[in-house]
Amino acid sequence: MRPQPPIPEMQTTEYMRMMEPEQGGGLLQHETDPSQWIHLASARFGPGRPCSHNEKTRWNGDCYRYDIFRHTLHDWIGLRWTHGGGTGWLVEKDVTRRGEHSLLQHIAQLPNEPRRWDYCHLIAESLDKTARAARQLEALHWEHAILQKRITIRRRNKQRRVDILSPIELAQRTTKRGLAG
């Protein structure tokens, strides 16, 4: 296991997305300045663990690292991940002022750092796979709508927008065309 510093090296600007996007907001990425975050805890992998395909082979997990931060200006708690594929932040609203507790703050207080890594990895992987599944479902939804000719371009205030017609809207449109013809 190669040694990693307690606080990670960071870029001047990194990218974040909210763990719980606002309704209708989608999975948008935003820039964040890492210097505006306070480091709460590291979550490094720890000693090597047996691989799933061969117990004699050890997986050291050094390519994945997680850190938990609190933002100094906004009520945000962030899970920063870094691995061979890049770096990013998963951010949630800090709800402690409402008397609620943040899962990330709870994880940051755990004394066992490899256990913190396990929980952070579970959260990051789950959110990543959920986002990927949502994108695939959305693409499939659009594909079916295109094949069923349920796409319409709407104009409002000189802005164009593409929408998918619901089956009811499609039936109404078909009926109006049939009556007009």
Side-chain angles (χ1 to χ4, degrees), residues 1-140:
M1 181 171 103
R2 71 178 189 266
Q4 295 181 358
I7 297 177
E9 294 179 22
M10 295 185 271
Q11 304 297 315
T12 54
T13 301
E14 294 185 352
Y15 293 93
M16 60 171 251
R17 72 176 166 89
M18 299 302 287
M19 286 186 186
E20 302 173 33
E22 296 296 327
Q23 188 166 342
L27 298 172
L28 303 176
Q29 283 194 336
H30 307 278
E31 289 184 353
T32 189
D33 178 357
S35 69
Q36 295 178 339
W37 293 81
I38 297 168
H39 189 257
L40 300 179
S42 298
R44 294 169 288 187
F45 186 77
R49 304 178 195 180
C51 277
S52 58
H53 62 82
N54 182 350
E55 289 195 23
K56 292 181 181 180
T57 304
R58 295 288 206 205
W59 185 58
N60 65 20
D62 278 347
C63 60
Y64 284 86
R65 180 194 173 126
Y66 300 99
D67 290 274
I68 300 172
F69 292 83
R70 188 177 73 245
H71 200 277
T72 57
L73 303 175
H74 301 287
D75 287 335
W76 292 341
I77 300 288
L79 174 62
R80 182 183 184 270
W81 55 265
T82 184
H83 55 64
T87 299
W89 294 70
L90 296 167
V91 177
E92 68 175 356
K93 292 178 182 173
D94 183 358
V95 293
T96 53
R97 290 185 184 176
R98 298 190 320 214
E100 299 174 29
H101 296 281
S102 162
L103 180 59
L104 287 178
Q105 281 189 324
H106 176 72
I107 292 169
Q109 294 171 2
L110 294 174
N112 184 322
E113 189 171 356
R115 187 68 58 228
R116 286 195 304 256
W117 186 95
D118 292 341
Y119 293 138
C120 290
H121 189 67
L122 173 66
I123 291 169
E125 287 291 302
S126 297
L127 289 172
D128 184 53
K129 288 177 182 176
T130 300
R132 198 173 313 137
R135 285 190 297 270
Q136 289 173 341
L137 184 60
E138 183 72 10
L140 187 62

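The analysis underlying the following values was restricted to heavy atoms, covering all of them including side chains, and did not include hydrogens, waters or symmetry mates.
From E9, atom CD reaches atom CD1 of I7 across 11.5 Å, with rounding to the nearest 0.5 Å. Taken to the nearest 0.5 Å, the CZ atom of R17 stands 6.5 Å off from the CG atom of D128. Residue Q36 holds its CD atom at 11.0 Å from CD1 of I38, rounded to the nearest 0.5 Å. Once rounded to the nearest 0.5 Å, the distance linking CD1 of I77 with CD1 of I107 reads 11.0 Å. The CG atom of L127 sits 11.5 Å away from the CZ atom of R132 when rounded to the nearest 0.5 Å. Between D75 atom CG and R97 atom CZ the span is 4.0 Å, to the nearest 0.5 Å.
In this structure, Y66 and Y119 have side chains that are not in contact, with every pair of non-hydrogen atoms separated by 4.5 Å or more. For the pair L40 and L104, the minimum side-chain heavy-atom distance is 4.5 Å or more. Inter-residue side-chain proximity for C120 and W81 is flagged as unmet; no heavy-atom pair is nearer than 4.5 Å. Using a 4.5 Å heavy-atom cutoff, the side chains of R58 and P47 are not in contact. You'll find the side chain of V91 stays beyond 4.5 Å of the side chain of T32, heavy atoms only.
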Margin query: Apply salt bridge (charged side-chain N to carboxylate O under 4.0 Å, His left out) to residues D94 and R70 and explain how you reach the verdict.
Written below: CA-CA 8 Å; D94 183 358; R70 188 177 73 245; 5.2 Å; no
Item checked: Verdict with reasoning, S102 to E92, per side chain to side chain donor-acceptor pair (under 3.5 Å) -> CA-CA 9 Å; S102 162; E92 68 175 356; 2.6 Å; yes
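Closest heavy-atom contact between D33 and S35: OD1-OG, 2.8 Å. Closest non-hydrogen pair, G78 versus W37, comes out as N-CZ3, 3.5 Å. When all heavy atoms are compared, the tightest approach of I68 to A108 is CD1-N, 3.7 Å. Closest heavy-atom contact between A124 and L90: CA-CD1, 3.8 Å.
Atom NE2 of H101 is surrounded by 12 or fewer heavy atoms from other residues, nucleotides or ligands within 6.0 Å. The environment of H106 atom NE2 is sparse: at most 12 non-hydrogen atoms of other residues, nucleotides or ligands sit within 6.0 angstrom. More than 12 heavy atoms of other shown residues, nucleotides or ligands fall within 6.0 angstrom of atom CD in E125.
For the pair D118 and R49, the salt-bridge criterion is met [side-chain N within less than 4.0 Å of a carboxylate O].
Of the possible polar contacts, none joining the R80 side chain to the F69 backbone as a donor-acceptor pair under 3.5 Å is found.
Ring pair H71/W76 is perpendicular by interplanar angle, where above 60° counts as perpendicular and below 30° as parallel.
T87 pairs in a side-chain contact (heavy atoms from CB on, under 4.5 Å) with only one of the listed residues (R65, Q11, E14), which is E14.
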